[in-house]
**Q** 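Shown below is the structure under consideration.
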Amino acid sequence: MLKEQARALALGVFTLDLSLVAMAFFVAHGMRAHVLPALFPARFPFAFYPLTAYLPLLPLALLIWGALLAASDRYRSQRTVPLTDEALAVLRVCATGTAILALTIYVLRLDRHLLGDDDVSRLWLALFGVAAGVLLVAEKLALRILSRYVRSKGFNYRTVLIVGTHPQAIALADSIRGHRYWGYKVLGFVSMTAAAARDGGRPPALAAPYVLFGDMDDLPRIVEEQVVDDVVFCGGHRDLHRFEDLFLLLQEQGIRTRFALDLFPHARAQARMEELDGVPLLTFSTAPERLIDLVSKRGLDIGISLLLLMLALPLLPLIALGIKLTSRGAVFYRQTRCGLNGRRFTLYKFRTMVDGADTQQAALRHLNEMDGPVFKLTRDPRVTPLGRVLRKFSLDELPQLWNVLRGDMSLVGPRPPVPDEVRQYQRWQRRRLSMKPGLTCLWQISGRNQIDFERWMRLDLEYIDTWSPWLDLKILWKTVPAVLSGRGAS
């Protein structure tokens with residue numbers, strides 16, 4: 001019954017979300033057609049298209065938003081999820097939906113079918129995305145306030161029985177009691193040892209107001225006599241075999257079962273449950289894996305790299321001609337680099353060194369200014385005069401936008417190392433390969449070649465551990481002045 005109620009509630013919220021997206025569609029048109037011309041008549045002197053001209057775009061918008069909202073995994077219980085996380089997820093959906101809607105309109109030339117020679121208003125698209133974001137976030141806030149109020153009054157809560165009386169189990173109960181608005185109520189504890197249950201009715205670590213109902217042998221009787229919605233087993237991997245029979249018993253009775261297992265207490269990877277052809281998998285990963293965020297990152301890579309390539313198009317032949325006229329050798333420099341999880345790919349750059357510079361590196365190794373496996377020289381004699389200018393302003397890296405378009409690299413991410421460097425990595429440094437390499441990252445805006453190798457590696461790991469689409473935008477924004485100033489380049 002509870003599962004059916006949860007599905008019905010999720011469907012109701014999803015329907016409400018789409019209704020608000022549709023409302024945002026009309027609000028955006030009203031703002032553009034009536035409100036803005038009334039407030040700023042000089043800025044908007046001409047009449048806007050009637051609503052009927054834009055209305056055929058509404059089903060497309062609802063289809064895009066519906067797919068993104070469904071993929072955002074926001075329709076499960078959000079009792080313990082911070083409101084800021086839910087609001088950010090909604091705003092990401094709206095930003096991505098607006099971008100996809102605009103791209104679909106202009107790629108399929110839907111504006112020509114709807115408006116003849118005119119384009120769909122970019123301002124209307126922006127207003128639509130903003131209005132959808134505001135309405136959806138306001139809805140989530142209102143639902144959160146309402147649900148927390150209802151739960152704080154003792155309604156719509158789930159009773160939790162905790163198996164285990166050690167500090168981890170008690171800390172879990174304390175957390176539940178400290179967040180009443182989650183909608184959980186600690187019914188009591190079940191000891192994992194019979195001796196603890198017989199010791200005065202309560203083990204020493206278990207203080208009031210918690211109740212001990214018995215030991216694990218008593219669990220069948222407890223769930224029959226008490227109203228139990230959830231059972232949480234707290235233990236380590238050595239306890240799993242003891243839980244199996246009880247888990248099957250609870251499964252037969254339809255009681256939701258959770259495991260708070262401290263399998264690897266020193267692991268920093270995030271754990272999540274997955275399913276592969278019906279087989280449950282407990283997955284540990286230190287790299288970001290949220291699909292909607294990674295799709296947003298890839299969309300940002302394609303959009304910005306295409307834009308930069310178009311802006312640089314007049315400059316590319318001039319750079320190529322300058323390289324050809326000032327030094328012997330090919331215009332482009334190709335080098336094998338290591339990408340995601342060590343995948344090898346060919347990286348492209350404008351050549352900034354003399355022809356055959358790779359063969360001269362061994363003779364210059366004693367002049368290396370960087371610690372670790374990286375080779376860097378501030379005044380490398382192999383660099384051509386034009387190459388110094390290109391390197392100072394990172395113009396030599398423009399061809400890497402092609403690597404970004406191909407998917408070998410991202411705009412933001414750890415710099416791709418050469419295989420010889422990777423072979424010299426310490427084990428902890430290899431984790432930087434767990435995310436796709438990029439043109440810029442935290443090291444770029446922190447001094448580039450002015451920081452030592454270990455600091456460089458730790459900045460890359462900090463990026464992986466704290467990554468979000470907003471962090472990418474922040475790094476890209478800060479990269480512009482860093483590149484224009486030539487700070488830290490060689």
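All residue numbers refer to positions in the sequence shown, counting from 1.
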**Q** Begin with the C-alpha distance, continue with both residues' side-chain angles, and end with the deciding distance and a verdict on side-chain contact (heavy atoms from CB on, under 4.5 Å) for W477 and I445.
**A** CA-CA 10 Å; W477 179 257; I445 60 177; over 6 Å; no
**Q** Please check: side-chain N/O of R351 versus main-chain N/O of R328, any donor-acceptor pairing under 3.5 Å?
**A** yes
**Q** Parallel, tilted or perpendicular: which one describes the rings of F25 and F128, with boundaries at 30° and 60°?
**A** perpendicular
**Q** Please give me the minimum heavy-atom distance between A22 and L62, naming the atom from each residue.
**A** N-CD2, 4.1 Å
**Q** Quick one, V35 with F40, criterion side-chain contact (heavy atoms from CB on, under 4.5 Å). Give me CA distance, side-chain angles, the key distance, then yes/no.
**A** CA-CA 9 Å; V35 177; F40 309 102; over 6 Å; no
**Q** What I'd like to find out is whether the side chain of V160 reaches to under 4.5 Å of the side chain of I162, using heavy atoms alone.
**A** yes
**Q** Indicate the atoms forming the closest heavy-atom contact of V27 with A131, along with that distance.
**A** CG1-CB, 4.4 Å
**Q** State, with a plain yes or no, whether a side-chain heavy atom of P385 is found less than 4.5 Å away from one of T326.
**A** no
**Q** Indicate every side-chain donor-acceptor pair of residues 339-347 with a distance under 3.5 Å to a residue at least two apart or in another chain.
**A**
unit_1: R343; atom_1: NH1; unit_2: L340; atom_2: O; d: 3.1

**Q** For the residue pair C234 and H166, what are the closest heavy atoms and their distance?
**A** O-NE2, 3.1 Å
**Q** Run the side-chain contact (heavy atoms from CB on, under 4.5 Å) check on Q444 and C441 step by step: do they pass?
**A** CA-CA 5 Å; Q444 176 85 323; C441 201; 5.6 Å; no
**Q** Before giving the answer on side-chain contact (heavy atoms from CB on, under 4.5 Å), spell out for L390 and I323 the whole-Å C-alpha distance, their side-chain angles and the decisive distance to 0.1 Å.
**A** CA-CA 10 Å; L390 297 179; I323 294 172; 4.1 Å; yes
**Q** What residues, two or more places apart in sequence or in another chain, satisfy side-chain contact (heavy atoms from CB on, under 4.5 Å) together with R92?
**A** L88, A89, R290, D293, P469, W470
**Q** Please examine the side chains of L398 and I319, heavy atoms only from C-beta on, and report whether any two atoms are closer than 4.5 Å.
**A** yes
**Q** Is it the case that atom CZ in R298 sees more than 12 heavy atoms from other parts of the structure closer than 6.0 Å?
**A** yes
**Q** Name all residues meeting the side-chain contact (heavy atoms from CB on, under 4.5 Å) criterion together with V383; count only those two or more places apart in sequence or in a different chain, and write none if there are none.
**A** M353, D380, R388, R391
**Q** Do Q429 and R427 have a side chain donor and acceptor closer than 3.5 Å?
**A** no
**Q** Under a 3.5 Å threshold, yes or no: a donor from one side chain and an acceptor from the other, between D472 and Y463?
**A** yes
**Q** Among residues at least two apart in sequence or on other chains, which ones pass side-chain contact (heavy atoms from CB on, under 4.5 Å) with E139?
**A** V13, L16, D17, L20, L136, L143
**Q** Has R458 got its NZ or CZ under 6.0 Å from the middle of the six-membered ring of W428, at an angle within 45 degrees of the ring axis?
**A** yes
**Q** Taking atom OG of S305 and atom CG of L439, what is their separation to the nearest 0.5 Å?
**A** 9.0 Å
**Q** Backbone N or O of A171 within a donor-acceptor pair of the S175 side chain at under 3.5 Å?
**A** no
**Q** Can you tell me how far CG of L308 sits from CG of L401, rounded to the nearest 0.5 angstrom?
**A** 5.5 Å
**Q** I want to check something: taking the side chain as every heavy atom from C-beta on, are I475 and K478 in contact at a cut-off of under 4.5 Å?
**A** no
**Q** Using the benzene-type ring in the case of Trp, are the ring centres of F259 and F233 under 6.0 Å apart?
**A** yes
**Q** Would a 4.5 Å heavy-atom cut-off, applied to side chains only, mark K349 and Q335 as touching?
**A** no
**Q** What residues form a salt bridge (Lys or Arg N to Asp or Glu O under 4.0 Å) with R423, not counting sequence neighbours?
**A** D420
**Q** Which residues satisfy the side-chain contact (heavy atoms from CB on, under 4.5 Å) test with R258, sequence neighbours excluded?
**A** Y184, D230, V232, R256
**Q** Does any part of the side chain of V412, heavy atoms only, come nearer than 4.5 Å to the side chain of K297, both counted from C-beta?
**A** yes
**Q** Looking at CD of Q426 and CE of M457, how far apart are the two atoms once the value is rounded to the nearest 0.5 Å?
**A** 10.5 Å
**Q** Test the R432-Y425 pair against the cation-pi criterion, namely NZ or CZ under 6.0 angstrom from the six-membered ring centroid and within 45° of the ring axis.
**A** no
**Q** To the nearest 0.5 angstrom, please state how far the CD1 atom of I64 sits from the OG1 atom of T96.
**A** 11.0 Å
**Q** What heavy-atom pair brings C338 and V418 nearest, and what distance separates the two atoms?
**A** SG-C, 4.4 Å
**Q** Supply the atom-to-atom distance L461 CG to D465 CG, rounded to the nearest 0.5 angstrom.
**A** 6.5 Å
**Q** What heavy-atom pair brings P317 and L313 nearest, and what distance separates the two atoms?
**A** CD-O, 3.0 Å
**Q** Could you check if a side-chain atom of F350 sits within less than 4.5 angstrom of a side-chain atom of Y333, using non-hydrogen atoms only?
**A** no
**Q** Taking C-beta and beyond as the side chain, do Y348 and Q400 meet within less than 4.5 Å on heavy atoms?
**A** no
**Q** Is the side chain of R337 donor-acceptor paired with the backbone N or O of P416 at a distance under 3.5 Å, no angle test?
**A** yes
**Q** Quick one about S410 and D301 (side-chain donor to acceptor, distance below 3.5 Å, no hydrogens or angles considered), yes or no?
**A** yes
**Q** Please report the shortest heavy-atom distance between F332 and P399, naming the atom on each side.
**A** CE2-CG, 3.8 Å
**Q** Nearest 0.5 Å, what's the CG-CD1 distance between L57 and I105?
**A** 4.5 Å
**Q** Got a donor-acceptor contact below 3.5 angstrom from the S394 side chain to the E397 backbone?
**A** no
**Q** In terms of side-chain heavy atoms, does T384 have a donor or acceptor partner in S327 at a distance below 3.5 Å?
**A** no
